[in-house]
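Residue indices begin at 1 and follow the sequence shown. These numbers come from the heavy atoms of this one structure, side chains and all, not from hydrogens, waters or symmetry mates. In each ligand, atom 1 is the first atom listed, and ligand 1 is the first ligand listed.
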Amino acid sequence: MDKIVVEGGVPLRGSVDVSGAKNAALPIVAAALLAEGDHVVRNVPDLADVRTLGRLLGHMGCTAERSAGDRRAVGIRVPRAVTPEAPYELVKTMRASVVVLGPLVARWGRARVSLPGGCAIGARPIDQHLKGLAALGAEIRLEHGYVEASAPRGRLRGAVFTFDGQTVTGTENVMMAAALAEGRTVLRNCAREPEVADLAKALVRMGARIEGAGTDELRIEGVQSLRPLDHTVIPDRIEAGTFLVAGALPGNDVIVRGGVAEHLEALVEKLRAVGAEVAPVPGGLRVVGDGRPRPVDVRTAPHPGFPTDMQAQLMVLLCLADGSSKITETVFENRFMHVQELQRLGADIAVDGKTAVVKGVPALSGAPVMASDLRASAALVLAGLAASGTTEVQRVYHLDRGYERIEEKLAPLGARIRRAKA
Ligand code: EPU
């Protein structure tokens, strides 16, 4: 098992490139299941989660491989018949596997997908995915830990459905299913995340008829069949955001190349509020961390609010602020596990339910820490960069699920960071 070793306190200077978005690539690769044939998805990050989805497609009888000519592209071959099943062994390592449910039941009229089970950051039920599919006529049973879904007479039918709460992968699942359903579907209270909009764009390129992408109401006219997909995934706003926070740490000056500024507005607003300079430059955003951050209050919310996936990273910056900040996590109920690890580096944070009160300290000091989930791991790497001395982040497999060789991206900025055997 690997660990990341960071010698902190070195100023970061230079530019860093953003990879394709994990959370767009996963549902878009899964969307290939909606059509027989040869698909290509471009700008796909090389991440553990993407490889897991490749194995899942392989289990179903498809192939998913990196193209020899373009290592950022994944070619997917979907045969005429597949085994419409997602086994527990794969779903338990990646909850997002559940996004195959909608495409499978829409295309093959049946699906057997393991329930994901527990998760470190919260309960994360999939009731809204199932309610939405049921509204489209799917018959759903829970048996032996699996969701068994089937479409009576082989095809789903359009319906009007309102999500009880906004869910990213839930919206994606039901939108994909509706694309092949008979008749018109209206989905209300949909998630508006850029990844949902990118999936809608990919589906439209496959021949789907979807209006309202990026808004909370999707109107979908079902079609009989779709054609294979050729789509380039949007840049990863959370990876970009993580590098922006790195640049906003005191003494740093970083250009983040390739992020989409409109996807990063809520974060950039907070970075400016803490006193970092953020300015557009050709091809990216430049961020300069000028002096000690000012405290700010932050509340996570679905897009376009402040993303829960950036909460842990922003907390690192606030740990060094000149005063007290309040962070309220409203999306997941248990997403403060990084707090105890940050305390090991000298941070002063008190958690009370959904709220963390972060009292800034003048400096952090390096220590061995343990990653608990993907974004928490990224936060610990950022904290290590800011801390004096050595920080060792254990359990790097969490980080590798969502960041492409983070140490190779940060080292050219001057960071003293390396991967080692734990
Ligand atoms: N929820 C329900 N019922 C459902 C679905 C969701 O109650 O049927 C609740 C969840 O428990 C949570 C809230 O709704 O409290 C929002 O969850 P959502 O369904 O939007 O999350 P997700 O689709 O499982 C995606 C990302 C997460 C990201 C969240 C929120 C992917 C593959 N994952 O998860 O990304 O945190 O949206 O933006 O798109 C990450 O990349 O580190 C990550 C965790």
Under 3.5 Å, is there a donor-acceptor pair between the side chain of E221 and the main chain of V223?
-> no

If only atom types and distance count, is the side chain of D236 paired as donor or acceptor with the main-chain N or O of S19 below 3.5 Å?
-> no

Does any non-hydrogen side-chain atom of L130 lie less than 4.5 Å from one of L101?
-> yes

Carboxylate-amine/guanidinium proximity below 4.0 Å for R112 and E148 | yes

Side chain to side chain contact (heavy atoms under 4.5 Å, CB included) involving A32 - partner list, sequence neighbours excluded = H39, I76, V78, L229

Ion pair present between K22 and D309, side-chain N to carboxylate O less than 4.0 angstrom?
-> no

Are there any protein N or O atoms under 3.5 Å from the N or O atoms of ligand 1? List them with distances, or say none.
{"from": "ligand 1", "atom 1": "3 (N)", "to": "P125", "atom 2": "O", "distance (Å)": "3.4"}
{"from": "ligand 1", "atom 1": "3 (N)", "to": "D127", "atom 2": "OD1", "distance (Å)": "2.7"}
{"from": "ligand 1", "atom 1": "8 (O)", "to": "P125", "atom 2": "O", "distance (Å)": "3.3"}
{"from": "ligand 1", "atom 1": "8 (O)", "to": "D127", "atom 2": "N", "distance (Å)": "3.1"}
{"from": "ligand 1", "atom 1": "8 (O)", "to": "D127", "atom 2": "OD1", "distance (Å)": "3.3"}
{"from": "ligand 1", "atom 1": "8 (O)", "to": "Q128", "atom 2": "N", "distance (Å)": "2.7"}
{"from": "ligand 1", "atom 1": "15 (O)", "to": "V331", "atom 2": "O", "distance (Å)": "2.5"}
{"from": "ligand 1", "atom 1": "19 (O)", "to": "T167", "atom 2": "OG1", "distance (Å)": "2.7"}
{"from": "ligand 1", "atom 1": "20 (O)", "to": "V168", "atom 2": "N", "distance (Å)": "2.8"}
{"from": "ligand 1", "atom 1": "23 (O)", "to": "T169", "atom 2": "N", "distance (Å)": "2.8"}
{"from": "ligand 1", "atom 1": "23 (O)", "to": "T169", "atom 2": "OG1", "distance (Å)": "2.6"}
{"from": "ligand 1", "atom 1": "24 (O)", "to": "R124", "atom 2": "NH2", "distance (Å)": "3.0"}
{"from": "ligand 1", "atom 1": "34 (O)", "to": "R124", "atom 2": "NH2", "distance (Å)": "3.3"}
{"from": "ligand 1", "atom 1": "35 (O)", "to": "N23", "atom 2": "ND2", "distance (Å)": "3.2"}
{"from": "ligand 1", "atom 1": "35 (O)", "to": "D309", "atom 2": "OD2", "distance (Å)": "3.2"}
{"from": "ligand 1", "atom 1": "36 (O)", "to": "D309", "atom 2": "OD1", "distance (Å)": "2.6"}
{"from": "ligand 1", "atom 1": "36 (O)", "to": "D309", "atom 2": "OD2", "distance (Å)": "3.3"}
{"from": "ligand 1", "atom 1": "41 (O)", "to": "K22", "atom 2": "NZ", "distance (Å)": "3.0"}
{"from": "ligand 1", "atom 1": "41 (O)", "to": "N23", "atom 2": "ND2", "distance (Å)": "3.0"}
{"from": "ligand 1", "atom 1": "41 (O)", "to": "R375", "atom 2": "NH2", "distance (Å)": "2.8"}
{"from": "ligand 1", "atom 1": "42 (O)", "to": "R375", "atom 2": "NE", "distance (Å)": "2.9"}

